[in-house]
Each structure stands twice: as structure tokens, then as C-alpha cells.
Amino acid sequence: MTEFAGELSPPFEIVEPQAWRAPIIFNSPHSGSVYPAEFLEASRIDVVSLRRSEDSFMDELIAGLSDRGFPIVRVNFPRSYVDVNREPYELDPRMFTGRLPSFANTRSMRVAGGLGTIPRVVGDGQEIYRERLDVDDALRRIEVLYKPYHRALRRLINKAHQAFGAVIVVDCHSMPSVGVSRDEPRRPDVVIGDRYGTSCAALLPDHVEEIMSSLGYSIGRNKPYAGGFITEHYGNPASGLHTVQIELNRAVYMDERRRERGPRFAQVAADFATLADALAKIPFSDLGPFQAAAE
């Protein structure tokens, strides 16, 4: 990590409780707000515009959960610099000077939209860079930031899985209150993503919906966000590995224009604690490895 010492040290943090209350990990991969100087110098837009891609303050909303017996993971570098919720090499060849590795995924929908592992645009579609990047710079970011994060997350998941026989990763995100398209209906307060039923046992999103609805939140499922790479990659319910994505409408907890915490911020943090406490009561024997249905 020496290349990022100072600015991005540490690049991510894992806060484990003294005693795990349940095998539930709360992860905030997109709330990072430490922008390296060389990144700002290379950007054609200012930091205010870059921050539109952030899930601002999401890490703060879940920070207190470690005191309640739940590990939390937070990334400190911004997703506009490296997006850990992508495949490791989802890269747009038009962004770089030099040849990408032959194994790079250059044709994904996310790359086409400018939102690969090294994003080309921020959330509202503005181009980030003045000039093409050296391909070695992109590969260095992946090696030094992306891969260590995923290694650490995998170790944490394996630790929980070995100790409890099952594990839940709650991948915490926030979304703009309105979509880019005018045709998109008003977004609910919370969108629960389970990759259309493939990343976790059905009882998990059902339980999240029940809890959050009881707290007064309007709920959506899988649209417009069904879950990204983390939800898909770490969700394997047949092996007792369950991931569910929670997208929180930013208007619920912050002033989107000023990028400031809103009047409901403390209450929303308390509601996440209520959610965590309720999830801890799930009979984890019901979430263990499932036998495949007989053919």
C-alpha cells in the first residue's frame, strides 16, 4: 500500500466487534470520500461533481452496528476512482493508452455505460478525465486497492461461515431520489436487491421488507437496482452464503443538493440498528447449506 500512503491509508477498514452477535456483515463499498490529489488533477470536473457518485454518509449510518455485535466494512477511496462493486477488470479500452490484458471484460453493459472498474463517468453521466489514462495506472489501482479489499472481505466472510455455518452480507448503498429518465416512476425509500432471487434465501429480503415497512419506509424490489458484483459474487445460498443489497433513497437521510446530513439522519441510523437486531433473530439453521433439488 506504500504508493497510497498518507492519502489513502487505510484504503478500507474492517471493524469487528469483540464478540460476534450473528454472522451478519454490513458492507459500505461506495461511501469513500478521500480523493487522491493526482486523481483530482487528472479530472476535468471538480470534486463536487465527482462526489455525485458517492453513497455519501452510508458508512456513518452503519458505523454504530459494530458496538451491537456486527462487523462493518467501509471503503475510503471513492468509487469514481476504483469501483469495487464491479468485476476486477471491467475496463473500457477507449479510456487508456496501452493495451489492456486479454482477459479484461471490455463489453459489459456497465463498461458501455461508462461505469466499469475504473469509471469513465460519474453518476450523472459527466466524463471524468481530461485525457486517456496509462493502462498501467489502471492496473495498479486494481492491484493495490481493489484486490486487497476483496481479499479482506472474503476472509471475513469465510471466518463467519466457518464459525456459524451460514453468513449474511448486507451490501449498503444509496441512490439518487430521482432517476435520469423522466419516465422512471418515483423511487421508493428503500430498494432491496437479491439478483432476482439468486443471491440469498427468499426469507432474507422478505424479512428486510417486513422490518423496513414496519418502520415506515416504502419498499421496492430489484428495480432499478438488483445488486452488483458483490451481491452476485458473494451470494451462494446453496452453500449458506447470502447477500442482499439495500439501496436507500438519499432524500430520506440527506440534503442531496448540499450533500449534508438531513434532519432524519439519526433516526435512519437507529432504524438500521433495528434492522440488524431483527436480522440477528433469524434462525440461521434455516440459512445453512441447502441441498439441491432432486432432478
Query raised in the report: When rounded to the nearest 0.5 angstrom, what is the spacing between NE2 in H30 and CD1 in I230?
Result: 6.5 Å
Query raised in the report: Short question: side chain of R187, backbone of P176 - any donor-acceptor pair under 3.5 Å?
Result: yes
**Report entry** Straight-line distance of R151 CZ to R154 CZ, nearest 0.5 Å
**Finding:** 13.0 Å
Query raised in the report: Do side-chain atoms of R51 reach the backbone of S33 as a donor and acceptor pair under 3.5 angstrom?
Result: no
Report task. Verify the distance criterion only: is there a donor paired with an acceptor across the side chains of N158 and Q162 at less than 3.5 Å? Result -> no
**Report entry** Sidechain-backbone polar pair: R250 side chain, S174 backbone, donor-acceptor under 3.5 Å
**Finding:** yes
Requested in this report: Could you tell me whether the side chain of P23 reaches within less than 4.5 Å of the side chain of I168, counting heavy atoms only?
Outcome: no
Query raised in the report: Taking the side chain from S239 and the backbone from L241, do they hold a donor-acceptor pair closer than 3.5 Å?
Result: no
Query raised in the report: Between E209 and R221, is the closest basic N to carboxylate O distance under 4.0 Å?
Result: yes
Report task. Could you tell me whether the side chain of R68 reaches within less than 4.5 Å of the side chain of D277, counting heavy atoms only? Result -> yes
Report summary line: Residues P29 and C172: closest non-hydrogen pair is CD-O, 3.7 Å
Query raised in the report: Using 30° and 60° as the class limits, which term best fits the ring planes of F229 and Y146: parallel, tilted or perpendicular?
Result: tilted
Report summary line: In short, P11 meets L145 closest at the heavy-atom pair CB-CD2, 3.5 Å
Query raised in the report: Can you name the nearest heavy-atom pair linking F284 to A166, along with the distance?
Result: O-CB, 4.2 Å
Query raised in the report: Would you say V170 and I246 make side-chain contact, with heavy atoms under 4.5 Å?
Result: yes
Query raised in the report: Short question: side chain of E13, backbone of V75 - any donor-acceptor pair under 3.5 Å?
Result: no
Requested in this report: Determine whether I282 and F70 fall in the same hydrophobic cluster, where Ile, Leu, Val, Met, Phe, Trp and Tyr are linked whenever their side-chain heavy atoms lie under 4.5 Å apart.
Outcome: yes
Requested in this report: Please tell me if the side chains of L275 and M212 come closer than 4.5 Å, counting only heavy atoms from C-beta onward.
Outcome: yes
Query raised in the report: Would L61 and V252 show up in the same hydrophobic cluster when neighbours are defined by side-chain heavy atoms closer than 4.5 Å?
Result: yes
Query raised in the report: Which atom pair, heavy atoms only, marks the closest approach of E256 to S177?
Result: OE1-OG, 2.5 Å
Query raised in the report: After noting the C-alpha distance and the side-chain angles of R86 and N105, does the key distance pass the side-chain contact (heavy atoms from CB on, under 4.5 Å) rule?
Result: CA-CA 11 Å; R86 299 290 181 261; N105 181 353; over 6 Å; no
Report task. Determine whether V84 and V34 fall in the same hydrophobic cluster, where Ile, Leu, Val, Met, Phe, Trp and Tyr are linked whenever their side-chain heavy atoms lie under 4.5 Å apart. Result -> yes
Report task. Could you verify whether a donor N or O on one side chain and an acceptor N or O on the other, from D171 and N27, lie under 3.5 Å apart? Result -> yes
Report task. Could you tell me whether the side chain of T243 and the main chain of T231 form a donor-acceptor pair under 3.5 Å? Result -> yes
Query - Exam field: side chain T198 to backbone R195, donor-acceptor pair closer than 3.5 Å - result: yes
Query raised in the report: Do any N or O atoms from the side chain of R21 and from the backbone of G69 form a donor-acceptor pair under 3.5 angstrom?
Result: no
Query raised in the report: Do L204 and Y196 belong to the same hydrophobic cluster, where Ile, Leu, Val, Met, Phe, Trp and Tyr are linked whenever their side-chain heavy atoms lie under 4.5 Å apart, directly or via other members?
Result: no
Report task. Decide yes or no on side-chain contact (heavy atoms from CB on, under 4.5 Å) for R44 and Q126, but give the supporting numbers first. Result -> CA-CA 9 Å; R44 66 168 65 197; Q126 292 187 80; over 6 Å; no
Query raised in the report: For the residue pair Y89 and F103, is the inter-centroid distance of their aromatic rings smaller than 6.0 Å?
Result: yes
Report task. Identify the heavy atoms of P148 and F12 that sit nearest to each other, and give their distance. Result -> O-CZ, 3.5 Å
Query raised in the report: When you measure from the centre of the six-membered ring of F57, is the NZ or CZ of R261 under 6.0 Å away and within 45° of the axis?
Result: yes
Report summary line: Value for NE2 (H233) from CD (E87), rounded to nearest 0.5 Å, stands at 10.0 Å
Query raised in the report: Going through the distances and angles, do E127 and R120 end up as a salt bridge (charged side-chain N to carboxylate O under 4.0 Å, His left out)?
Result: CA-CA 6 Å; E127 296 273 345; R120 177 172 53 82; 2.7 Å; yes
Query raised in the report: If you draw a 6.0 Å radius around CZ in R130, do more than 12 non-hydrogen atoms from other residues or ligands fall strictly inside?
Result: yes
Query raised in the report: Could K159 and E16 be called an ion pair, given the rule that one side-chain N must be under 4.0 Å from one carboxylate O?
Result: yes
Query raised in the report: Using 4.0 Å as the upper bound for N to carboxylate O, is an ion pair formed by R74 and D55?
Result: no
Report task. State whether the side chain of D83 and the backbone N or O of T117 hold a donor-acceptor pair below 3.5 Å, judged by distance alone. Result -> no
Query raised in the report: Judged by atom type as modelled, is there a donor-acceptor pair below 3.5 Å linking the side chain of H242 to the main-chain atoms of N236?
Result: no
Query - Pair R94-D92, salt bridge (charged side-chain N to carboxylate O under 4.0 Å, His left out): steps then yes or no - result: CA-CA 5 Å; R94 296 171 297 174; D92 185 343; 2.8 Å; yes
**Report entry** Test item: I192 and E247 side chains (from C-beta on) under 4.5 Å apart, heavy atoms
**Finding:** no
Query raised in the report: For the atom pair OH (Y149) and CD1 (I142), what is the distance rounded to the nearest 0.5 Å?
Result: 15.0 Å
Query raised in the report: Taking side chain as C-beta onward, heavy atoms only, is F26 less than 4.5 Å from M58?
Result: no
Requested in this report: Let me see the working for S49 and D46 under side-chain hydrogen bond (donor to acceptor under 3.5 Å, both in side chains), right down to the final yes or no.
Outcome: CA-CA 5 Å; S49 298; D46 59 21; 3.0 Å; yes
Query raised in the report: Does any non-hydrogen side-chain atom of N85 lie less than 4.5 Å from one of R79?
Result: no
Report task. Any chance you could measure L100, atom CG, to M95, atom CE, to the nearest 0.5 Å? Result -> 10.0 Å
Query - For V191 against N222, the heavy-atom pair lying closest together - result: CG1-N, 3.8 Å
Query - Test of ring centre spacing under 6.0 Å for Y81 and F39 - result: yes
**Report entry** Sole candidate of I62, I72, V73 that passes side-chain contact (heavy atoms from CB on, under 4.5 Å) when paired with S28
**Finding:** I62
Query raised in the report: Does the pair R140/D136 count as a salt bridge with the N-to-O cut at 4.0 Å?
Result: no
**Report entry** Between H161 and Y234, ring centroids under 6.0 Å
**Finding:** no
Query - Within one Ile-Leu-Val-Met-Phe-Trp-Tyr cluster: V121 and V111, side-chain cutoff 4.5 Å - result: no
Query raised in the report: Can you find a pair of side-chain heavy atoms, one from I128 and one from S80, that are under 4.5 Å apart?
Result: yes
Requested in this report: Take M175 and L248 through the test side-chain contact (heavy atoms from CB on, under 4.5 Å) and record every step on the way to the result.
Outcome: CA-CA 6 Å; M175 59 185 172; L248 181 62; over 6 Å; no
Query raised in the report: Taking it one step at a time, do N249 and Y217 satisfy side-chain hydrogen bond (donor to acceptor under 3.5 Å, both in side chains)?
Result: CA-CA 10 Å; N249 191 314; Y217 294 85; over 6 Å; no
Query raised in the report: In Å, rounded to the nearest 0.5 Å, how long is the span from CG of D189 to OH of Y253?
Result: 12.5 Å
